[in-house]
Each structure stands twice: as C-alpha cells, then as structure tokens.
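Working notes, structure below.
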Amino acid sequence: MEPNNLCTVERRGRVHLITLTGAGEHRLSPALLSAIRSAVAASAGAGALVLSAEGKFFSNGFDQAWARTAPLHLHSTMDGGFRALVADLLELPMPTVAAVTGHAAAAGCALALAHDSVVMRGSRGFLFMSEVHAGIKIVDFLAELMREKVPDAVNRRDLLLRGDKMSAAEAVRRGIVDKAIDGGVEDVVNAAVAEAEKLAARGWDGEVVAEIRKAVWPKVWDKAKDYGADAPAAARPRL
C-alpha cells in the first residue's frame with residue numbers, strides 16, 4: 001500500500017481499493033477530489049473498484065470552510081472536480097462499489113450513490129442530504145444525480161425536501177443501498193471488497209459495462225462528461 005496525504009490505494013485480488021485516510025470528515029475539497037480522481041485513474045487492469053473511508057465519516061460533503069476562504073474565481077473548481085469524479089466513475093470500465101463506513105452527507109451522499117453498488121455500515125452512519133437544513137441550494141447536476149439514483153419520488157422527497165437522516169437499515173428497506181453490514185469499518189470494507197470480487201469474477205467486458213452505465217444514467221452523464229478531461233488530477237498514486 002502506498003499512501004499519499006489524502007487517500008491510500010491497494011489491490012486486493014482483482015479489486016482496486018481506495019481509502020480516504022484519517023479521522024476527519026473527508027470533505028470534498030478540490031485537493032481531495034483530485035486525489036480520488038488520481039486513485040481512480042490508477043485502477044487500470046483491476047476487475048472492480050471499491051471506495052471506502054477511515055473514521056466516523058465516509059464524507060461530509062463539500063468543503064465549505066475552503067469555499068469561505070478561497071477566492072471566488074476558484075469556487076467552480078470544487079463543483080467541477082466533483083462532476084469530473086462522477087464522470088470518471090461513470091466511464092470506468094469495471095464495476096464500482098461504495099463502502100459507506102460512516103456518515104455520508106450532502107455531496108458525500110451523492111458520491112456514494114454514484115457507484116454501481118452501495119454497502120453501508122449497519123451500526124453507525126447515515127445517508128443525509130443536509131442542504132434544506134443548511135439553507136444551501138442544490139445545483140442542477142447534484143439534483144439530476146439524485147433523480148436518477150433515487151428514482152422513487154417519496155424517497156427522494158424525504159432525502160432532499162425533508163432532510164431525513166437514513167440509517168443503513170432504512171436505506172436498504174427503501175431500496176437506496178444494497179446491503180447493511182454489522183460490525184466495524186473493516187467488516188464493511190471486507191463486505192464491499194467481497195461484493196466487488198464477485199462482480200469482477202463475472203469477466204464482463206469493461207468497456208461494455210461503462211457504456212451500459214452511461215446509457216442507464218444518461219442525464220447525469222450528459223452533465224458530467226465534459227468535465228472529466230478538463231479537471232486536473234493530482235500526481236497518480238502508486239500501487
């Protein structure tokens with residue numbers, strides 16, 4: 001495993017595992033988004049990808065503290081970086097699994113749902129779209145992602161307009177995530193890696209997987225596709 005200051009990457013069998021490091025909130029700053037994109041880019045040759053996180057949070061959304069201090073002309077780099085990361089995931093030629101090891105809020109919730117499958121820790125953590133509580137408008141891209149990933153109107157209303165915090169059990173019952181896993185962070189990660197390994201074992205054509213994914217969520221792809229090549233990525237971490 002070769003660390004950088006924001007995430008680590010490793011191979012577990014045919015699975016490429018990215019872990020957001022540290023006990024912080026893993027807020028999606030331009031630097032963290034760039035680091036994740038770089039780790040995703042390093043997955044060439046793997047059979048499937050898993051994104052996980054250490055600590056209490058999977059991700060607590062956009063880095064609002066960075067936005068308050070950064071010059072206005074740089075603010076678009078955070079939104080653009082997120083769109084670019086979603087574009088990377090949509091066109092990745094392999095199955096993807098989010099290991100939601102803790103709280104996933106706002107853009108962090110959307111990031112989890114941008115994966116093909118979602119495995120969530122049963123004993124701790126919530127899916128939470130906090131914008132209605134924080135008085136923050138949801139940009140068109142994020143709204144489109146939620147429309148396509150949470151197609152049931154009642155579930156989407158409860159997440160976005162009521163700001164409900166959904167436990168893993170509730171999210172599974174509503175069909176928003178795939179599995180709730182008992183135990184700690186490693187149990188969730190191991191379950192996600194096992195799920196990813198099963199998908200990798202199918203031996204699917206990765207390019208076909210990517211094209212089907214883009215066809216299944218066409219409006220999200222349409223709003224993200226122009227960002228993937230334009231947003232700069234950090235130096236690629238080594239495996």
Side-chain angles (χ1 to χ4, degrees), residues 14-18 28 33-34 36-52 58-59 79-100 104 106-120 127 129 138-160 166 171-172 174-179 192-231 233:
R14 286 172 287 194
V15 177
H16 181 96
L17 173 63
I18 302 171
L28 299 174
L33 288 163
S34 185
I36 300 171
R37 290 193 67 215
S38 186
V40 170
S43 64
L49 179 140
V50 171
L51 177 65
S52 68
F58 175 77
S59 171
D79 173 71
F82 183 69
R83 291 180 192 241
L85 174 56
V86 171
D88 293 344
L89 293 172
L90 289 176
E91 63 182 344
L92 195 67
M94 64 189 70
T96 63
V97 182
V100 182
C109 176
L111 174 60
L113 297 182
H115 291 73
D116 300 334
S117 303
V118 182
V119 174
M120 188 173 173
L127 296 181
M129 294 299 290
I138 293 179
V139 298
D140 62 339
F141 168 70
L142 197 60
E144 195 63 68
L145 192 154
M146 297 303 292
R147 267 193 295 272
E148 293 204 357
K149 289 291 188 169
V150 188
D152 181 83
V154 172
N155 291 340
R156 196 164 61 247
R157 176 204 66 191
D158 291 349
L159 272 173
L160 298 176
M166 292 189 186
V172 169
R174 289 173 177 256
I176 298 172
V177 307
D178 298 284
K179 292 181 181 179
V193 170
E195 178 66 20
E197 185 65 44
K198 287 180 186 177
L199 295 171
R202 302 284 185 94
W204 292 324
D205 184 314
E207 296 299 331
V208 172
V209 169
E211 290 304 314
I212 291 174
R213 187 189 290 122
K214 290 184 285 187
V216 170
W217 294 295
K219 293 182 180 178
V220 172
W221 172 243
D222 188 59
K223 290 183 179 295
K225 63 184 180 182
D226 294 332
Y227 287 79
D230 297 333

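All figures in this text were calculated on a predicted structure; none of them were measured in a lab. This chain uses plain numbering: 1 for the first residue, then up along the sequence.
- Closest non-hydrogen pair, V118 versus A112, comes out as CG2-O, 3.4 Å.
- The salt bridge (Lys or Arg N to Asp or Glu O under 4.0 Å) test applied to K223 returns D140, not counting sequence neighbours.
- Put simply, the side chain of I176 reaches to within 4.5 Å of the side chain of L159, judged on heavy atoms.
- Formation of a donor-acceptor pair under 3.5 Å by the H115 side chain with backbone atoms of L89 is not found in this model.
- A donor-acceptor pair is defined here as one N or O able to donate and one able to accept, closer than 3.5 Å; such a pair exists between the side chain of D116 and the backbone of T96.
- In this view, K179 and E195 satisfy the side-chain hydrogen bond (donor to acceptor under 3.5 Å, both in side chains) rule, not counting sequence neighbours.
- Qualifying salt bridge (Lys or Arg N to Asp or Glu O under 4.0 Å) partners for D158, counting only residues two or more places apart in sequence or in other chains: R162, R174.
- Taking CG from L160 and SG from C109, the interatomic distance works out to 8.5 Å, rounded to the nearest 0.5 Å.
- Side-chain atoms of L199 and W204, non-hydrogen and from C-beta on, do get closer than 4.5 Å to each other.
- Taking the side-chain contact (heavy atoms from CB on, under 4.5 Å) definition, one finds that R14 meets it with E197, A200, A201, sequence neighbours left out.
- For S52, the side-chain hydrogen bond (donor to acceptor under 3.5 Å, both in side chains) partners at least two apart in sequence or on another chain are T19.
- Under the rule for a side-chain contact (heavy atoms from CB on, under 4.5 Å), the partners of R147 that lie at least two apart in sequence or sit in another chain are A143, E144, R156.
- By the side-chain contact (heavy atoms from CB on, under 4.5 Å) test, V139 pairs with D79, L142, sequence neighbours left out.
- For E148, there are no side-chain hydrogen bond (donor to acceptor under 3.5 Å, both in side chains) partners at least two apart in sequence or on another chain.
- Residues passing the side-chain contact (heavy atoms from CB on, under 4.5 Å) test with D222 are K225, sequence neighbours excluded.
- Among residues two or more places apart in sequence or in another chain, the side-chain hydrogen bond (donor to acceptor under 3.5 Å, both in side chains) test is passed with D205 by none.
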